Amino acid sequence: MVHEYVYFMNTYSQEQAFFVSSAVVAGRLLTVMQVAKEISLAAKNAKAIAERAGEKANSFKPITDFIDEMGRETITLVEKINEQALEVSRSAVEELRCSEASERFLHAASLLGEHRRAEVLQDKAKEIEADAERQKKEVRQQARALLEMLERIWSCMRASGVISTRSRVEAVSAEEYQESLQVVAETIEKASERIKDIIRDCERTIHQNM
Amino acid sequence: MKETIIYDEGYQWIMFGRDPDKPEGIIDTNQFMIKDGTRSLLLDPGGIEIFSSMLACVTRHSDPSEITDIFASHQDPDIISSLGLWDKATPHAKLHSPWIWEGFIRHFGCEKIQYCGIPDEGSELELNQARLQFIPAHYLHSSGNFNVYDPKAKILMSGDIGAALEPHGSPMFVEDFDEHVQKMTMFHQRWMPSNRAKNDWVQRVRKLDIKIMAPQHGRLFKGADVKRFLDWFEALEVGTGVKDLASSNA
Ligand SMILES: [Fe+2]
Ligand SMILES: [Fe+2]
C-alpha cells in the first residue's frame, strides 16, 4: 500500500501542483493588491498637486484620472482573481479526490481477483474516473479564465506605466510643481513595473501546470 | 485482510482485521459488518489507509448497493477517516454516529451519505431481521460515543472499550484473560478520561446478555471473559494522564 501511495503522488503530481500553485497565485496577488492601492494613492496625490498648480498643470489632470482608474480596475480584478484562484484550487482538489478514489476502487477490484463482483468495483472506478475527467476539464477552463484576468491586469499596468512616463514630460510645464509631480510619476512607473513582474511570474506558475 | 464470521443465524456478523497490507505505524483495527439479506451495516469501517482492503472484503459479501448503513462509534480517524471514499462507494447509505460529532465527521467528506445523528440517550436500528441498539458509552473514550448491541446474536460491539495494543497477527479471541490484562491496562487508563462515565457504562452493560464483546482493537472476549472484563474495568482507575502530570509537576 505504501508503493501504491507513491504511485498516486506521481500520477497526480500535476493536479497536486495545480491546487498548490493556484493558492500560491492567490497569495502573490495580495502584494499586487497592496501595490495597486499605492498607485491609486499616488494618482490621487498627483491630482491634488495638479489642482494646486492650476493652469500650469492642466494637461496633467486627465493623466492622473486615467492612472487612478487603472489602479482601481486592478484592485477589482485582483478581488475577482482571488475568487477564481480559489475555484481552481477547489476543483483541482476534487479532481485529486476522485482520481484517488478511483485508484483505490481498482485496487479493491484487483484484490477480489476472479470474484464475480470485481466487475462492480471496476464499473464504479470508471464512473468516478469520468467525474475526475470532468473536473480536470473544469480546472483547465477555470485556469484559462484566470490567465485572461491576469493578462488584463498586465495590460492595465502597462498602460499606466506608459502614461506615467509621458506625465513626467508634461510635468516640465508645471514649473515649481515639476519636481513633486515627477516624483509621483516615478512612483507609479515603478509600481506598475513591479506588478507586471509579479503577474508574469503568476502566469508562468499556472502555465507550468497546463 | 483476515475475516471471521462470529455469528451466523439468519444473518451474519463478520469481522475483518489483522490486515497484512496495512502500512506500518498505524494502529491495527477491527472492522465489522452485519450482513442481513439485502441490507448490510458496516461498523467502524476504519481509516483511509485500509479502505481498499475493506472494500474488497465487504464486496465479497454484499454488492456495494446493498450496504445501506454505516455506524461510526465516534469521530476518531481510525474509525471513520475513510468516509469520503465510502461516500463514493455507497452514496445512498446512512451514517449513524453521535449527533455531537456531525460537524466534525463531515470534515472527512460526506456529500451524499446521509448523516443520522444518534441522540445522547441512544436509539435503535432495524435491518431486515437484525434489531440493533445503540448503547451510550460517552467519554469512553470520546465525549460522544456509542456501542452496538445485538440482543439476538448477544454481541456487543464495544468500540475502544476492551481494546488492547498487540503485536501484529495476534489471535482473534482472548485465551488467557489474566495474561491479556497487561495489554489493555495502559490503553484504558490513558485513553479513558472518566471513572464516573466508566462505572455508569459498566452498570448499564452488566444488564445486557452478552456472549461476545467485540472491541475495535485487539482481541474479542467471549463467554465468562466478558464478565471478567467488566469486573476488571470497574476496578480500574482511569484518567491517569492528569494524575501523572500532577505528580510530575509536584
Ligand atoms: Fe478512538
Ligand atoms: Fe480506536
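Chain letters run A, B, ... following the sequence lines, proteins first and then strands; every chain starts at 1. It should be emphasised that the depicted structure is a prediction, and the values quoted were computed from it without experimental measurement. Just so you know, these numbers use all the heavy atoms, side chains as well, and skip hydrogens, waters and symmetry mates.
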Minimum side-chain heavy-atom gap Leu150(A)-Leu29(A) below 4.5 Å: yes
Minimum side-chain heavy-atom gap Pro64(B)-Val120(A) below 4.5 Å: yes
Chain B contact via Leu112(A) - which portion, at a heavy-atom distance below 4.5 Å: both
Largest heavy-atom contact set with chain A, pairs under 4.5 Å, which of Leu85(B), Val58(B), Asp63(B): Asp63(B)
Main-chain N/O of Ala72(B) paired with Ser97(B) side-chain donor or acceptor, under 3.5 Å: yes
Interchain contact, Ser62(B) with chain A, by part (heavy-atom threshold 4.5 Å): backbone
Parallel, tilted or perpendicular, as decided by the 30° and 60° cut-offs, for the rings of Tyr11(B) and Tyr7(B): tilted
Contact class of Leu111(A) relative to chain B, heavy atoms under 4.5 angstrom: both
